[in-house]
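The first residue in the sequence is number 1, and the count goes up from there. Both ligands and their constituent atoms are indexed starting at 1 by order of listing.
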Amino acid sequence: MKVLVVGSGAREHAIVRSLVLDPSVDEVVAAPGNPGIAAIAACEPVEGGVSSPEGVVALATRVGADLVVIGPEAPLVAGVADAVRAAGIACFGPSAEAARLEGSKAFAKEVMSAAEVPTGLAHLCTTVEEVEEALDALGAPHVVKEDGLAAGKGVVVTDSREDALEHARACLAKEGGAVVVEEFLDGPEVSLFVLSDGAVVVPLSPAQDFKRVGDDDAGPNTGGMGAYSPLDWAPAGLVDDVVARIAQPVVDEMRRRGTPFAGVLYVGLALTARGPRVIEFNARFGDPETQVVLARLLTPLGGVLRAAAEGRLESVPALRWSPDHAVTVVVAAESYPGTPRTGDVISGSDAVAGEPDAFVLHAGTALDEEGRLVSAGGRVLSVVATGRTLAEARRRVYAAVDGIGLDGSHHRRDIALKAEQGLVTA
Ligand code: AMP
Ligand code: GLY
């Protein structure tokens, strides 16, 4: 089969890498892709950009795709999956209606309430007065979330009522601005990706993401600075529990409403003292968690995604997983998560091939006029390594990262460190 992958980040690079390794996949095209993806697959621009339904359909038709896999949230929310399916092409990715589980936090809360899914108490506010009341009702630490897509940067968690209010004011000042003020959920976070064809759900292996920019979770939230999988410290039965109490009820509720969710439901959880609570849903694979989850998936990816897209997940045999541990570390450009510096030359990314079981996935990279690899975004590279133990995977990933040169770049040194030391408990 021929697969078109929409997107240009390290998540899409990981997806393309797995598809290329699938013997049932004859050809992979990425749109628009990036220089790293171009080394293993064809890359094509999309007329009008990845969020243009007409552009993606035209490209999928032209390349003769049997399956379209949509990586990022923006095209999903823009209805690209609907358009691809309407053109008679199988699509892995939910409809615009179903992607509202990610696109609107208020909608997600409403569905969770209808499906009796455990999550934090929340107030939807459209005025500063409502925000003040909600902050006082829920108490510190305060959690204020913008009600819309914000690339992981729309959330402020703070002990300062003033900082919480300031973030809320900034969000409310935008057109149609609304914020969700939420109960603080205390406990380690887990990302669980659940594939669905609209009815059946198949969980992947859980991962943990590091959202804050600095070591020891210092500084602002980012799109994600690193991840690892599996989670040896997670309670036995966690995945089954999350499927039974969260993923299946949500998929059932979406189907009942006539807007079935087909694609990957990203369940972001806090494992609180009272059990798992949903922090957020996303309607797509997480980045950088996908890089470590797919590094361990032994079942060929293309067949599974196609089965989900065609409503045949029930027929897919149990997924097989490597017992190895995988760690990814994101190399970010200077000033990220603020406006990143771009155009700096990246060195050493090819030399990583010399490290055992390590590889580099590209995110914000480009080739300059002289054909040199340069930075072109906030998260530049996602370096991945596997090992028999978490310690071995960490050693390998940092050896690879240390061989990469990028002026002004930064990365976390403590990805998966607490887990390696046995200091994460749920
Ligand atoms: P979100 O955009 O909803 O994924 O939130 C981004 C990050 O903010 C999460 O991964 C958490 O680290 C943090 N966060 C969001 N909501 C809460 C909450 N209710 N309690 C504690 N931390 C939260
Ligand atoms: N890793 C967080 C996200 O993909 O939203």
Side-chain angles (χ1 to χ4, degrees), residues 7 9-12 14-15 70-74 76-77 99 101-109 112 118-123 134-135 138-159 164 167 171 179-193 204 206-214 216-229 263-274 276-294 328-330 332 337 361 363 378-379 382 412 415:
R11 163 185 55 207
E12 287 75 26
I15 292 169
I70 300 178
E73 58 273 25
L76 295 168
V77 171
L101 278 178
E102 169 163 4
S104 164
K105 293 189 188 288
F107 176 72
K109 285 288 182 193
M112 281 191 265
T119 185
L121 287 173
H123 299 255
L135 292 175
L138 294 172
H142 301 296
V143 181
V144 178
K145 303 186 177 185
E146 185 169 2
D147 185 35
L149 292 182
K153 299 172 207 157
V155 179
V156 162
V157 181
T158 175
D159 282 322
H167 180 59
C171 298
V179 297
V180 174
V181 178
E182 194 173 280
E183 172 191 3
F184 178 75
L185 297 170
D186 199 11
E189 288 182 36
V190 170
S191 302
L192 183 70
F193 303 154
L204 303 186
Q208 195 173 42
D209 176 24
F210 293 75
K211 288 221 164 69
R212 301 278 183 154
V213 72
D216 294 323
D217 294 329
N221 269 328
T222 68
M225 294 298 290
Y228 68 98
S229 176
V264 54
L265 181 66
Y266 166 140
V267 185
L269 297 158
L271 305 191
T272 74
R274 290 177 300 145
R277 295 280 182 278
V278 175
I279 287 189
E280 61 166 340
F281 287 131
N282 293 315
R284 49 163 178 89
F285 283 111
D287 186 345
E289 297 98 312
T290 299
Q291 289 88 301
V292 287
V293 171
L294 294 187
T328 187
V329 174
V330 170
L361 300 171
R379 292 189 289 177
S382 183
R412 282 184 63 159
I415 302 301

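Between Leu269 and Pro276 the shortest heavy-atom distance is CD2-CB, 4.2 Å. Heavy-atom minimum distance, Arg212 versus Ala218: CB-O, 3.6 Å.
Taking a cut-off of under 4.0 Å to the non-hydrogen atoms of Arg284, the atoms of ligand 2 that pass are 3 (C), 4 (O), 5 (O). Heavy-atom contacts of Glu189 reach the following atoms of ligand 1: 9 (C), 10 (O), 11 (C), 12 (O) (cutoff under 4.0 Å). If you number the atoms of ligand 1 from 1 as listed, the ones under 4.0 Å from a heavy atom of Asn221 come out as 7 (C), 8 (O). The distance from ligand 1 to the heavy atoms of Lys211 drops below 4.0 Å at these ligand atoms: 6 (C), 7 (C), 10 (O). The distance from ligand 1 to the heavy atoms of Leu185 drops below 4.0 Å at these ligand atoms: 18 (C), 19 (N), 20 (N), 21 (C). Atoms of ligand 1 found under 4.0 Å from any heavy atom of Phe184, numbered from 1 in the order shown, are 20 (N), 21 (C). Short contacts between ligand 1 and Lys105, defined as distances under 4.0 Å to a heavy atom of the residue, involve ligand atoms 1 (P), 2 (O), 3 (O). Listed by number with element, the atoms of ligand 2 under 4.0 Å from a non-hydrogen atom of Asn282 are 5 (O). Applying the 4.0 Å criterion to heavy atoms of Val143 picks out, from ligand 1, the atoms 16 (N), 17 (C), 18 (C), 19 (N), 20 (N). Contact atoms of ligand 1 toward Lys145: 3 (O), 15 (C), 16 (N) (distance under 4.0 Å to a heavy atom of the residue). Proximity to Gly286 (heavy-atom distance under 4.0 Å) selects the following atoms of ligand 2: 4 (O).
The closest approach between any non-hydrogen atom of Phe285 and ligand 2 is not below 4.0 Å. Residue contacts with ligand 2 do not include Glu280, since none of its heavy atoms lies under 4.0 Å from the ligand. A heavy-atom separation below 4.0 Å is not found between Gly224 and ligand 2. Within the 4.0 Å heavy-atom shell around ligand 2 one finds Gly223.
In terms of N/O distances under 3.5 Å, ligand 1 is not approached by Val155. Considering backbone and side-chain N/O atoms, Arg11 never comes within less than 3.5 Å of an N/O atom of ligand 2. No N or O atom of Lys211 sits closer than 3.5 Å to an N or O atom of ligand 2. Of the polar atoms of Asp209, at least one N or O is found under 3.5 Å from an N or O of ligand 2, judged by distance alone.
A 4.5 Å side-chain heavy-atom check between Ile415 and Val330 finds every atom pair outside the cut-off. The shortest side-chain heavy-atom distance between Arg379 and Pro288 falls under the 4.5 Å cut-off.
Just one of Arg277, Lys109, Lys105 meets the salt bridge (charged side-chain N to carboxylate O under 4.0 Å, His left out) condition when paired with Glu182; it is Lys109.
Annotation: the span from Leu294 atom CG to Thr328 atom OG1 amounts to 11.5 Å, rounded to 0.5 Å. Taking CG from Asn282 and CG from Asp287, the interatomic distance works out to 11.0 Å, rounded to the nearest 0.5 Å. For the atom pair Glu280 CD and Leu101 CG, the distance stands at 11.5 Å (nearest 0.5 Å). Summarising the geometry, atom CG belonging to Asp186 is positioned 11.0 Å from atom CG belonging to Leu271; distances are rounded to the nearest 0.5 Å. Taken from NZ in Lys211 to CD1 in Ile279, the straight-line distance is 7.0 Å, to the nearest 0.5 Å. Here Glu289 contributes atom CD and Phe210 contributes atom CZ; the two are 10.5 Å apart, rounded to the nearest 0.5 Å.
Residues passing the ring-ring contact (aromatic ring centres under 6.0 Å, His included) test with Tyr266 are Phe193, sequence neighbours excluded.
Residue nearest to atom 2 (C) of ligand 2, selected from Phe210, Tyr266, Phe193: Tyr266 (by heavy-atom distance).
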